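The figures here come from the full heavy-atom set of this structure, side chains too, leaving out hydrogens, waters and symmetry mates. Given the structure is predicted, the values throughout are model-derived calculations rather than measurements.
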Amino acid sequence: MTAANTPNTHDLEKELLEFLAERTKTAWDADTDLFGDGGLSSLFAMQVVVHLEKTYTIAVRGADLRLDNFRTVRRMAELVDRLRAPGAGGRHG
């Protein structure tokens, strides 16, 4: 993914909602608590981490691995945006 075709936060949310819907066979809202209200597992959270790292060429490490960063689609999109920022420590290719 290059800077020219990097999705904005809204597009990130849309892509993540599509990913979740495909995997869980459930439609989600960007602000739904996926692990509280939705009942998703911490194992599924790790699948989401792998998806984010591969899809958006970032590295989720250390303190960023907190469940709160993955609780909602909106928080995931914000995490991706933050990790894609220059100097944030993400893998940029």
Side-chain angles (χ1 to χ4, degrees):
M1 199 171 281
T2 65
N5 65 1
T6 300
N8 61 33
T9 304
H10 176 74
D11 291 339
L12 275 168
E13 288 179 7
K14 183 179 175 186
E15 289 173 13
L16 288 168
L17 287 168
E18 289 171 2
F19 168 79
L20 288 172
E22 179 182 307
R23 298 284 184 185
T24 65
K25 308 300 185 222
T26 302
W28 300 97
D29 181 73
D31 290 316
T32 299
D33 182 341
L34 301 170
F35 299 95
D37 299 341
L40 298 182
S41 69
S42 56
L43 180 60
F44 186 78
M46 293 312 298
Q47 293 175 6
V48 172
V49 169
V50 171
H51 171 76
L52 294 176
E53 289 184 329
K54 288 183 177 182
T55 303
Y56 302 109
T57 319
I58 59 171
V60 182
R61 302 286 183 262
D64 291 323
L65 284 170
R66 294 178 301 124
L67 188 58
D68 280 345
N69 285 329
F70 304 92
R71 193 162 297 285
T72 69
V73 166
R74 182 150 296 136
R75 287 186 187 177
M76 286 186 256
E78 290 168 355
L79 175 67
V80 170
D81 276 343
R82 184 168 45 81
L83 292 177
R84 290 188 309 185
R91 297 185 309 240
H92 300 282

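In this structure, Leu83 and Ala59 approach most closely via the heavy-atom pair CD1-O, 3.7 Å. Between Asp64 and Phe70, the shortest heavy-atom contact is O-CE1, 3.5 Å. Summarising the geometry of Ser41 relative to Phe35, their closest heavy-atom pair is O-CE2, 3.1 Å, with the distance given to 0.1 Å. The heavy-atom pair separating Thr32 from Thr72 by the smallest distance is O-CG2, 3.4 Å. Summarising the geometry of Thr24 relative to Trp28, their closest heavy-atom pair is OG1-NE1, 2.9 Å, with the distance given to 0.1 Å. Contact record, Ile58 with Arg84: CG2-CG, 3.7 Å, taken as the closest heavy-atom pair.
Using a 4.5 Å heavy-atom threshold, the side chains of Leu40 and Arg23 count as separate. Residues Tyr56 and Leu12 form a side-chain contact, since some pair of their non-hydrogen atoms from C-beta on lies under 4.5 Å apart.
The CD atom of Glu15 lies 10.5 Å from the NE2 atom of His10; values are rounded to the nearest 0.5 Å. Distance check: Leu16 CG to Asp11 CG gives 11.0 Å after rounding to the nearest 0.5 Å. With rounding to the nearest 0.5 angstrom, the CG atom of Leu17 is 7.5 Å from the CG atom of Asp29. For the atom pair CE of Met76 and CG of Leu20, the computed distance is 5.0 Å after rounding to the nearest 0.5 Å.
Side-chain atoms of Glu53 come within 3.5 Å of backbone atoms of Val60 as a donor-acceptor pair (strictly under, hydrogens ignored).
Residues satisfying the ring pair (Phe, Tyr, Trp, His ring centres under 6.0 Å) criterion with Phe19, sequence neighbours excluded, are His51. The salt bridge (Lys or Arg N to Asp or Glu O under 4.0 Å) search around Asp33 returns Arg71, not counting sequence neighbours. Remark: Asp31 pairs with Arg74 by the salt bridge (Lys or Arg N to Asp or Glu O under 4.0 Å) rule, at least two apart or across chains.
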